[in-house]
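Every number for a ligand or one of its atoms is a count from 1 in the order of the listing.
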Amino acid sequence: MNSKDFVSIRDFSPSEIQDLLLLGRQIKAYPDVYSEALRGKTLAMVFEKPSLRTRVTFDVGIQQLGGFSLYLSPAEINLGKRESVYDVAKNLERMVQGIMIRTFAHTIVEQMAEYAGIPVINGLTDYSHPCQAMADFLTMLEVKGRLDELKVAFVGDGNNVAHSLMFAGAQLGAEVFVATPPGHEPQADAIAWASERARETGGSCRITNNAKEAVSAADVVYTDVWTSMGQEAEADKRLNAFRNYRVNSELFAYAKRDAIFMHCLPAHRGEEVTNDVIDSPRSVVFQQAENRLHVQKAIMLELMKDVPVGPVRPATVPELAHA
Ligand code: CP
Ligand code: NVA
């Protein structure tokens with residue numbers, strides 16, 4: 001892998017993304033083989049937003065590879081307020097061998113990656129959620145046995161999860177169809193990138209305001225919350241704007257008979273998805289959540305395996321003071 005960081009799925013070639021997925025599968029099948037792979041290495045986990053899955057899977061994942069984790073809560077670091085991103089990066093690179101960061105603006109993760117001499121992993125920004133998309137496609141591969149010509153319908157908000165699903169789908173040759181209310185489409189640059197890359201890999205990326213059109217004959221129906229972390233003030237307005245984009249059994253029936261239901265979680269049951277869909281035998285949401293662990297172990301292994309424990313640059317030996 002060329003990049004030392006995992007900031008965006010766009011930073012990799014299609015074969016690098018495929019290789020990471022296959023490594024995730026390998027680690028899931030033979031975890032004991034990798035139990036010392038990152039022995040003695042530490043991952044700092046910087047959280048500026050809440051989490052269940054991301055925190056637990058990175059924490060457990062690094063320990064299963066023989067390493068350690070440090071949880072740094074929003075109150076502890078207070079990025080950009082108590083201390084600049086630059087100074088945090090320059091401190092952490094001397095103490096740990098990798099940084100996982102969940103924050104608001106995507107530029108903060110990009111800056112952290114630029115300033116820190118150690119790997120930086122994007123654990124969700126307002127713009128993207130690449131680790132989630134890796135787990136999503138690992139799950140689709142497991143359940144469906146293939147990714148090319150797989151029709152993936154994402155219904156709801158054109159948000160961070162939708163962006164990463166579009167990027168990963170384009171890299172892997174899938175057909176990603178996103179249905180959102182008018183005004184909530186994915187960002188134009190994300191659509192442009194995914195469409196361009198999909199042309200090279202034989203996949204596609206289409207956007208519509210018609211949920212039934214997207215779900216028709218889909219192999220996978222995916223949704224996410226209507227109000228993401230940081231958008232809480234808009235929750236009431238969003239409830240109204242998204243009300244016709246709920247994945248219920250009526251909408252799910254437009255998909256193929258063997259279609260699966262996916263959700264990155266946490267779910268707001270009764271809003272973006274009804275209980276009969278998320279609790280149905282065709283729902284794979286917990287397999288998807290578990291796969292965060294396996295695929296992130298692959299990402300950490302690839303990025304951190306060559307990072308030495310110890311000084312990141314030759315230590316300067318102070319001149320002995322002359323008596
Ligand atoms: N899907 C996901 O990232 O979950 P958390 O917000 O709980 O980490
Ligand atoms: N779109 C959601 C995803 C949570 C994992 C959010 O950003 O809150």
Notebook entry, point to check: For ligand 1, is any non-hydrogen atom under 4.0 Å from Lys49's backbone (N, CA, C, O), its side chain (CB onward), both, or neither?
Noted result: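 Looking at Lys49 and ligand 1, no heavy atom falls under 4.0 Å.
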Margin query: If we set the cut-off at 4.0 Å for heavy atoms, which region of Leu124 has an atom near ligand 1: side chain, backbone, both, or neither?
Written below: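 None of Leu124 does.
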Margin query: Looking at Val7, is its backbone amide N or carbonyl O close enough to the side chain of Asp5 to form a donor-acceptor pair, meaning the two atoms are under 3.5 Å apart?
Written below: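 No; judged by distance alone, with no hydrogens or angles, the pair does not exist.
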Check: Going by atom types alone, do Ser69 and Asp59 pair a side-chain donor with an acceptor below 3.5 Å?
Finding: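 Per modelled atom types, Ser69 and Asp59 side chains form a pair under 3.5 Å.
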Next item on the list: Flag His129 as yes when one of its N or O atoms lies below 3.5 Å from any N or O atom of ligand 2, and as no otherwise.
Entry: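 N/O-N/O distance below 3.5 Å does not exist for this pair.
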Notebook entry, point to check: Short N/O distance, under 3.5 Å, between Asn160 and ligand 2?
Noted result: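 By distance alone, the answer is yes.
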Margin query: Tell me whether Arg292 reaches ligand 1 (any heavy atom closer than 4.0 angstrom to a ligand atom).
Written below: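 So Arg292 counts as touching ligand 1.
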Next item on the list: Determine whether any heavy atom of Arg55 lies closer than 4.0 Å to an atom of ligand 1.
Entry: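 So Arg55 does not count as touching ligand 1.
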Check: How does Thr54 reach ligand 2, if at all, at less than 4.0 Å between non-hydrogen atoms: by side chain, backbone, both, or neither?
Finding: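 Contact part for Thr54 vs ligand 2: neither.
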Nearest to [atom], what protein heavy atom do you find, and at what distance?
{"atom": "atom 3 (C) of ligand 2", "result": "Asp224 OD2, 3.6 Å"}
{"atom": "atom 8 (O) of ligand 2", "result": "Met229 N, 2.8 Å"}
{"atom": "atom 6 (O) of ligand 1", "result": "Arg102 NH1, 2.8 Å"}
{"atom": "atom 7 (O) of ligand 1", "result": "Leu52 N, 2.6 Å"}

Note to self: What I want to know is whether Pro266 and ligand 1 share at least one N or O pair that is separated by under 3.5 angstrom.
What the structure shows: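 No; the residue has no nitrogen or oxygen that sits under 3.5 Å from a nitrogen or oxygen of the ligand.
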Item checked: Salt-bridge criterion met for Asp276 and Arg269 (N-O under 4.0 Å) ->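 No, Asp276 and Arg269 are not salt-bridged.
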Check: Using 4.0 Å as the upper bound for N to carboxylate O, is an ion pair formed by Lys237 and Glu234?
Finding: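 Salt bridge between Glu234 and Lys237, a charged N being under 4.0 Å from a carboxylate O: no.
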Should the ring pair [X] and [Y] be called parallel, tilted or perpendicular, given that the plane angle runs from 0 to 90° and is split at 30 and 60?
{"X": "Tyr222", "Y": "Phe154", "answer": "tilted"}
{"X": "Phe12", "Y": "Phe6", "answer": "tilted"}
{"X": "Tyr127", "Y": "His163", "answer": "tilted"}

Note to self: For Leu265, state whether at least one heavy atom is located under 4.0 Å from any atom of ligand 2.
What the structure shows: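 It does; at least one heavy atom falls under 4.0 Å.
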Check: Which one of His129, Met229, Arg53 has a non-hydrogen atom at the shortest distance from atom 3 (O) of ligand 1?
Finding: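 Among His129, Met229, Arg53, the closest heavy atom to atom 3 (O) of ligand 1 comes from His129.
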Item checked: Separation between NZ of Lys90 and CE of Met112, rounded to the nearest 0.5 Å ->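 The distance works out to 11.5 Å.
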Check: Which ligand 1 atoms does Cys264 reach within 4.0 Å, using its non-hydrogen atoms?
Finding: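 Reading through ligand 1 atom by atom, the close ones are 1 (N).
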Note to self: With heavy-atom distances below 4.0 Å as the criterion, list the atoms of ligand 2 near Leu124.
What the structure shows: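 Contacts of ligand 2 toward Leu124, numbered from 1: 3 (C), 4 (C), 5 (C), 7 (O).
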Next item on the list: Could you tell me which non-hydrogen atom of Ala198 sits nearest to which non-hydrogen atom of Cys205, and how far apart they are?
Entry: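 Nearest pair, atom of Ala198 first, then Cys205: CB-N, 4.3 Å.
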Notebook entry, point to check: Which residue pairs satisfy the side chain to side chain donor-acceptor pair (under 3.5 Å) criterion with at least one member in residues 141-159, sequence neighbours excluded?
Noted result: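 The answer is Lys28-Glu142, Glu142-Gln287, Glu142-Asn291, Asp157-Arg238, Asn159-Asp224.
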